[in-house]
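Note that ligands are numbered from 1 as they come in the structure, with each ligand's atoms numbered from 1 the same way.
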Amino acid sequence: MALLVMKFGGTSVATLDRIRRAAKRVGREVANGHEVIVIVSAMAGVTNELVGHVQETSPLFDAREYDAVVSSGENVTAGLMALTLQEMGIPARSWQGWQVPLQTTAAHAAARIERIPTDNLGAKFAEGMKVAVVAGFQGVSPEGRITTLGRGGSDTTAVAFAAAFGAERCDIYTDVDGIYTTDPRITRKARRLDRIAFEEMLELASLGAKVLQTRSVELAMRYGVRLRVLSSFEEGGDEAGTLVCREEDIVESNVVSGVAYSRDEAKMTLMSVADRPGIAASVFGPLAEAGVNVDMIVQNISEEGRTDITFSCPTDQVMRAERALNEAREHEAISFHDLVVDTEVCKVSVVGIGMRSHAGVASRMFRALSDEGINIKVITTSEIKVSVLVDRKYLELAVQALHNAFGLDRAPDAAQG
Ligand code: ASP
Ligand code: MG
């Protein structure tokens, strides 16, 4: 019998009425002959409230107790969902993480899943249970303490169950109806994608992060779990939503699949650094130790033994980066003339697996930006992505221009350039 994993996010279980609507969808899959593992989030807003209670009680909280508190929202929805299904005459029961047991590392509040034994749930399915409702986001550490997987972790729970049980598909029900070519708030021309490759989804995390926890996409890619993102508010047919899948399962695609952006970036340039072996290590070592997430890096040709090094990082890490670099200079670990900081930039990227086989993506991108009079400050590329730093005031314009330039408002076959 085919097994499906269906995950319902906080807005999809926000009220008893919505839980009933979600349960009806589960009921339809059971009627179609499926066994179902349902993963639930806490009711919308509940986790935030619990986090607030913890912080108010104990600002420097013990992470083990934080997990004990914040994991509880999911317990409520798991029980309510099981009750709702039972009321519909469907054999269902709830499972908390430790009952499965979903085994994780001991990294509280950011635990990683280590193993999901299938025997406990499997035995109940064999006895006739049709639906196992599992509390998302939570697990149990080797010490037997309750852990959580980080905010948005129920997505990862869902994918991990789909992998462990070899599910036919993992459906993620949320409040948006899929993954878009770009942020629909920036351009109304943004279009829902029918399919997107795992790798593209990871690169588009800045768009999709709120839809899918990045870790869940990594897991799905590693285990080849077919992930579908769809809205629980629409009565769509089976084709609705976006399928996140292997590249080979995508027949038609644009060279570029989406335009992503990150608004709060800073550009830092170390002017006139002594150019000798080991210099990059002595610059980026202290930054790494200070916990600065360096993204783009550019080193220029050196003249007379000195060079400029430019890098980008999130704006809220600029002070930390400055401190680390100035300290390294004081200790004579590095020498530079000046540190120039520009906190008014943003990053805009075009992403697509089609780039591997198509030349000219970068030049088309640069042309589109220059036609709008947008100056490019830093460029980086990877196999399936080209990113630029531009002034933040051009963010919307840049995204719109690139969305047009790559024909993303049109369906794939029509738009091939
Ligand atoms: N309830 C948790 C959160 O809000 C986990 C989740 O919903 O995925 O982060
Ligand atoms: Mg979520």
Side-chain angles (χ1 to χ4, degrees), residues 5-15 18-19 22 37-55 61 63-81 94-98 100 102 104-105 107-113 116 133-141 146-163 170-180 183 196 201-202 204-220 225 227-233 241-242 244:
V5 172
M6 301 171 77
K7 182 256 171 180
F8 294 95
T11 50
S12 307
V13 292
T15 61
R18 291 207 186 146
I19 292 177
I37 298 177
V38 173
I39 310 292
V40 286
S41 284
M43 290 166 130
V46 166
T47 310
N48 286 344
E49 196 184 338
L50 294 171
V51 170
H53 289 340
V54 170
Q55 285 167 340
F61 52 80
R64 291 163 298 194
E65 300 306 343
Y66 166 95
D67 278 351
V69 176
V70 304
S71 62
S72 65
E74 273 71 11
N75 297 344
V76 174
T77 38
L80 289 172
M81 177 64 83
S94 70
W95 302 77
Q96 294 182 8
W98 64 272
V100 172
L102 186 149
T104 73
T105 60
H108 284 275
R112 287 191 159 231
I113 299 173
I116 302 181
V133 186
V134 179
F137 179 50
Q138 54 172 261
V140 59
S141 75
I146 304 298
T147 55
T148 63
L149 308 178
R151 298 305 305 269
S154 297
D155 297 330
T156 302
T157 309
V159 172
F161 270 89
C170 179
D171 286 344
I172 308 274
Y173 286 91
T174 176
D175 51 0
V176 294
D177 64 350
I179 308 299
Y180 279 72
D183 186 342
I196 185 168
M201 188 65 225
L202 283 175
L204 289 173
S206 65
L207 300 175
K210 283 169 235 105
V211 183
L212 287 177
Q213 196 191 37
T214 306
R215 179 96 189 95
S216 71
V217 184
E218 286 168 6
L219 262 191
V225 173
L227 253 187
R228 199 165 65 148
V229 176
L230 62 178
S231 162
S232 64
F233 298 99
T242 299
V244 190

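Listed by atom number, the atoms of ligand 1 under 4.0 Å from Arg151 heavy atoms are 3 (C), 4 (O), 9 (O). Atoms of ligand 1 lying under 4.0 Å from any heavy atom of Ser41, numbered from 1 in the order shown and given with element: 6 (C), 7 (O), 8 (O). Shown in contact with Ser154 at under 4.0 Å from a heavy atom are these atoms of ligand 1, numbered in order with element: 5 (C), 6 (C), 7 (O), 8 (O).
Ligand 1 has no N or O atom lying under 3.5 Å from any N or O atom of Asp155, backbone or side chain. The N/O atoms of Phe137, backbone and side chain alike, include none that comes under 3.5 Å of an N/O atom in ligand 1.
Remark: Thr15 OG1 to Leu80 CG distance equals 11.0 Å, nearest 0.5 Å. One finds the CG atom of Asp155 at 8.5 Å from the SG atom of Cys170 (value rounded to the nearest 0.5 Å).
Using a non-hydrogen distance threshold of 4.0 Å, Gly153 registers as a contact of ligand 1. The closest approach between any non-hydrogen atom of Gly152 and ligand 1 is below 4.0 Å.
The residue from Thr148, Thr147, Thr104 that alone fulfils the side-chain hydrogen bond (donor to acceptor under 3.5 Å, both in side chains) condition with Asp67 is Thr148. Exactly one of Leu227, Val217, Val229, Ile179 qualifies for a side chain to side chain contact (heavy atoms under 4.5 Å, CB included) with Ile196. That residue is Ile179. Of the residues Gln213, Arg215, Arg112, the one that meets the side-chain hydrogen bond (donor to acceptor under 3.5 Å, both in side chains) test with Thr156 is Gln213.
Side chains of Leu102 and Gln138 form no contact here, defined as non-hydrogen atoms less than 4.5 Å apart.
With a heavy-atom cut-off of 4.0 Å, Gln213 does not touch ligand 1 at all.
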